[in-house]
Participant: 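Dumping the structure here so I can ask a few things about it.
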Amino acid sequence: MSEPSNVYALVDCNSFYASCERVFRPDLAKVPIVVLSNNDGCVIARSSDAKPFVKMGEPYFQIKERLKQHGILAFSSNYALYGDMSQRVMAVIEGLVPAVEVYSIDEAFADLTGMAPPFEPLGQQIRSRVQLYTGLPVGVGIAGTRTLAKLANHAAKRWQRQTGGVVDITDSVRRDKLLKACEVSDVWGVGRRMTEHLIRMGIKTAWDLAQADPWTLRKRFSVVVEKTARELRGTPCLEFEEMTVAKQEICCSRMFGHRLKNIEPIREAVATYTARACERLRAQGSLCKKVRVSIRTGMYNSDEPKLATSRVCQLPYPTDDTRLITKVAMAGLEEVFSPGYAFSKAEVLLLELCQRGEFTDDMFTGAQTATSEKVMQVFDSINAKWGKGTVRPCGVPVAPEWGMRRELMSPGYTTRLDQLWRVK
DNA sequence: TCTGGGGTCCTAGGACCC
DNA sequence: TCTGGGGTCCTAGGACCC
């Protein structure tokens, strides 16, 4: 132990989407709420007082009655609001610790290596400052590896009252106590399938997994499980990534508001999703070499014919030009579409992304022109200044007839001037 | 009528090369 | 009697995460 030991904190917002809705509706502090997926499909977030009555992922149309019975309020998801609140939370955390890795919309790892213990007061400070500045409750888990910090965070949420929302297991006695108290399925990286396998091997608790032989786990399953076990023993195996790394693929897919049988509206949808994906491609400064177009019918309705097809299309050269990628995607759609089906969803996936200068120009097929780059820059800067969709390809409708249902949407409290709070 | 969206990493197996 | 072996690259599919 001559090396300075690592210390990580995981900060995680409690019931993030539901909490965001509550921040701007203090009248709902005591009202249980759920947030629905796009298209008002199923439940993706629940306030703690709604959890006993609603499962994660339950279809909204099946539970409407139950919600009413228990006085639970439903919201459509308002990603503009959640994204904005997320940035505020991250900014607060960044102001209190040396380095932050934003892990998801509602979670961040902080690297506390080199800071002096005790860490619990820092955890409490993060908690109270996020609460004060954003109105959102968070939990903090602190430990020597990221997997252990996740588990500590899990404990902070589960025993919120006893722990005050902060759990520090940098001490090995406390760490082992927690490992013994947690089931193996509570461990980050152990999903449903792996839980089944492990239980069959007699590995039931997080402690059992920490004690298992890493080499056996590697041979039997994979290096992923091996790393998880080593992390539980306190050996860091996962890298901390403070920098946001460029995505290797970019996907835009949505269910339609209702089933589509003709190709015309599906063309609009594919054009819309392609444009969105290309914006994200340019935002990270990449080019793409292939685009995949997929369409599918509903999966659950037993009496209608099912179909899910996709086509990977090669682009003539690496590009980020919405016009070219759309053209190729449209040709792909013509190939995968067939009449006689009721399609419910389309997806556009940009593949084989590369950074500029990372590929060799082909003498015969050429490369993206400077004009093309300039056009896209102007395109993006106009939309940045005047709002999304100010300039768009002509195949992209403003208010599509096939757009998603969002009947229970809250206002854009922090992102729309016309929807700000009015204080009387 | 109505069941999300966006990713990552790993492995196995085939093709191909020397 | 005898039927190599090692390496790389690619793709599809599984598992997991939030």
Participant: Figure out the CD1/P separation between A:I105 and C:dC18, and round it to whole Å.
Facilitator: 14 Å
Participant: For the side chain of A:R280, starting at C-beta, report the closest nucleotide among B:dT11, B:dG6, C:dC18.
Facilitator: B:dG6
Participant: Looking only at atom P, what distance separates B:dC2 and C:dC18, rounded to whole Å?
Facilitator: 31 Å
Participant: Could you give me the CA-CA distance, side-chain angles and deciding distance for A:Y103 and A:F240, then say whether ring-ring contact (aromatic ring centres under 6.0 Å, His included) is met?
Facilitator: CA-CA 10 Å; A:Y103 178 69; A:F240 185 85; over 10 Å; no
Participant: Select one nucleotide: of C:dC18, B:dG4, B:dT11, the one nearest the side-chain heavy atoms of A:W188.
Facilitator: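 Out of C:dC18, B:dG4, B:dT11, the nucleotide with an atom closest to A:W188's side chain is C:dC18.
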Participant: Contact class for A:Q62 vs. all strands (heavy atom < 4.0 Å): base, sugar-phosphate, or nothing?
Facilitator: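 Touches a base.
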Participant: Is there side-chain contact between A:L151 and A:W188, with at least one heavy-atom pair below 4.5 Å?
Facilitator: no
Participant: Whole angstrom is fine here: how far is it from CZ in A:R220 over to P in C:dA15?
Facilitator: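 Result: 15 Å.
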Participant: Any side-chain N or O of A:R259 less than 4.0 Å from the OP1 or OP2 oxygen of B:dC2?
Facilitator: yes
Participant: Quick one: A:E231 CD to C:dC17 P, roughly how many Å, whole number?
Facilitator: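 Rounded to the whole Å, the gap is 14 Å.
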Participant: Starting at CZ of A:F343, measure out to CD1 of A:I295 and round the result to the nearest 0.5 Å.
Facilitator: 3.5 Å
Participant: For the residue pair A:W402 and A:Y273, categorise the inter-ring angle as parallel (less than 30°), tilted (30 to 60°) or perpendicular (more than 60°).
Facilitator: perpendicular
Participant: Considering heavy-atom distances to DNA chain B, does A:V224 or A:Y17 have its closest nucleotide positioned more toward the 5' end?
Facilitator: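 Looking at the nearest nucleotide for each, A:Y17 comes out on the 5' side.
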Participant: For DNA chain B, what string of dots and brackets results from 5' to 3' when Watson-Crick and G-U pairs need both distances under 3.5 Å, crossing pairs get [ ], and pairs with another strand get |?
Facilitator: ....||||||||||||||
Participant: Given B:dG7, B:dG5, B:dC9, identify the nucleotide with an atom nearest to the side chain of A:M255.
Facilitator: B:dG5
Participant: Within the structure, does a side-chain N or O atom of A:R254 lie under 4.0 Å from either OP1 or OP2 of B:dG6?
Facilitator: yes
Participant: Please check the phosphate of C:dT11 (OP1 and OP2 only) for any side-chain N or O of A:K290 closer than 4.0 Å.
Facilitator: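 Result: yes.
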Participant: For a quick test of reading the model: is some side-chain N or O of A:K345 closer than 4.0 Å to OP1 or OP2 of B:dG5?
Facilitator: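 Yes, such a contact exists.
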Participant: Rounded to the nearest Å, what distance is computed from the CZ atom of residue A:R218 to the P atom of nucleotide B:dC10?
Facilitator: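 In whole Å, B:dC10 P lies 10 Å from A:R218 CZ.
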Participant: Say whether, by atom type as modelled, one donor and one acceptor occur between the side chain of A:T235 and the main chain of A:E231 under 3.5 angstrom.
Facilitator: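 No.
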Participant: Send over the distance from A:K64 NZ to B:dC2 C1', rounded to a whole Å.
Facilitator: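 It is 7 Å, rounded to the nearest whole Å.
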Participant: For B:dG6 and A:S253 - does any side-chain N or O of the residue sit under 4.0 Å from the phosphate oxygens OP1/OP2?
Facilitator: yes
Participant: May I have the distance from A:M194 (atom CE) to C:dA15 (atom P), rounded to whole angstrom?
Facilitator: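 It works out to 8 Å between those atoms.
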Participant: Strictly below 4.0 Å: does A:R406 bring a side-chain N or O up to OP1 or OP2 of B:dG4?
Facilitator: no
Participant: Can you figure out which of B:dG6, B:dT11, C:dC16 approaches the side chain of A:C252 most closely?
Facilitator: B:dG6
Participant: Using a cut-off of 6.0 Å, state whether more than 12 heavy atoms not belonging to A:E183 lie near its atom CD.
Facilitator: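 No - once you tally the heavy atoms of other residues, nucleotides and ligands closer than 6.0 Å, there are 12 at most.
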Participant: Given atom CZ of A:F61 and atom C1' of B:dT3, what is their separation to the nearest angstrom?
Facilitator: 6 Å
Participant: A:I72 pairs by side chain to side chain contact (heavy atoms under 4.5 Å, CB included) with which of A:D49, A:V54, A:V31?
Facilitator: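 With A:I72 as partner, side chain to side chain contact (heavy atoms under 4.5 Å, CB included) holds for just one option, A:V54.
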Participant: Could you work out which one of C:dA15, B:dT3, C:dC18 sits closest to the side chain of A:P59?
Facilitator: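 My answer, after comparing the listed nucleotides, is B:dT3.
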Participant: Kindly state whether the ring of A:W215 and the ring of A:F221 have centres lying under 6.0 angstrom apart.
Facilitator: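 Between A:F221 and A:W215, which both carry aromatic rings, the centre distance is not below 6.0 Å.
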Participant: Between A:F221 and A:K247, which has a closest nucleotide on DNA chain B that is more 5'?
Facilitator: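 So the residue in question is A:K247.
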Participant: What's the CD-P distance between A:E239 and B:dT8, to the nearest Å?
Facilitator: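 Rounded to the whole Å, the gap is 16 Å.
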Participant: Tell me whether the centres of the aromatic rings in A:Y8 and A:F119 are closer together than 6.0 Å.
Facilitator: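 A:Y8 vs A:F119: aromatic centres not under 6.0 Å.
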Participant: Need one value for A:Y103: base, sugar-phosphate or nothing, where a base atom within 4.0 Å counts as base even if backbone is also close, heavy atoms only.
Facilitator: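 The residue A:Y103 makes sugar-phosphate contact but no base contact.
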Participant: For A:D106, report the nucleic acid contact type (base, sugar-phosphate, nothing); a contact means any heavy atom under 4.0 Å.
Facilitator: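 Sugar-phosphate only.
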Participant: Counting any heavy atom closer than 4.0 Å, what does A:E249 reach on the DNA or RNA strands: base, sugar-phosphate only, or nothing?
Facilitator: base
Participant: Taking the side chain of A:E107 as its heavy atoms from C-beta onward, which of B:dG7, B:dT3, C:dC18 lies nearest to it?
Facilitator: C:dC18
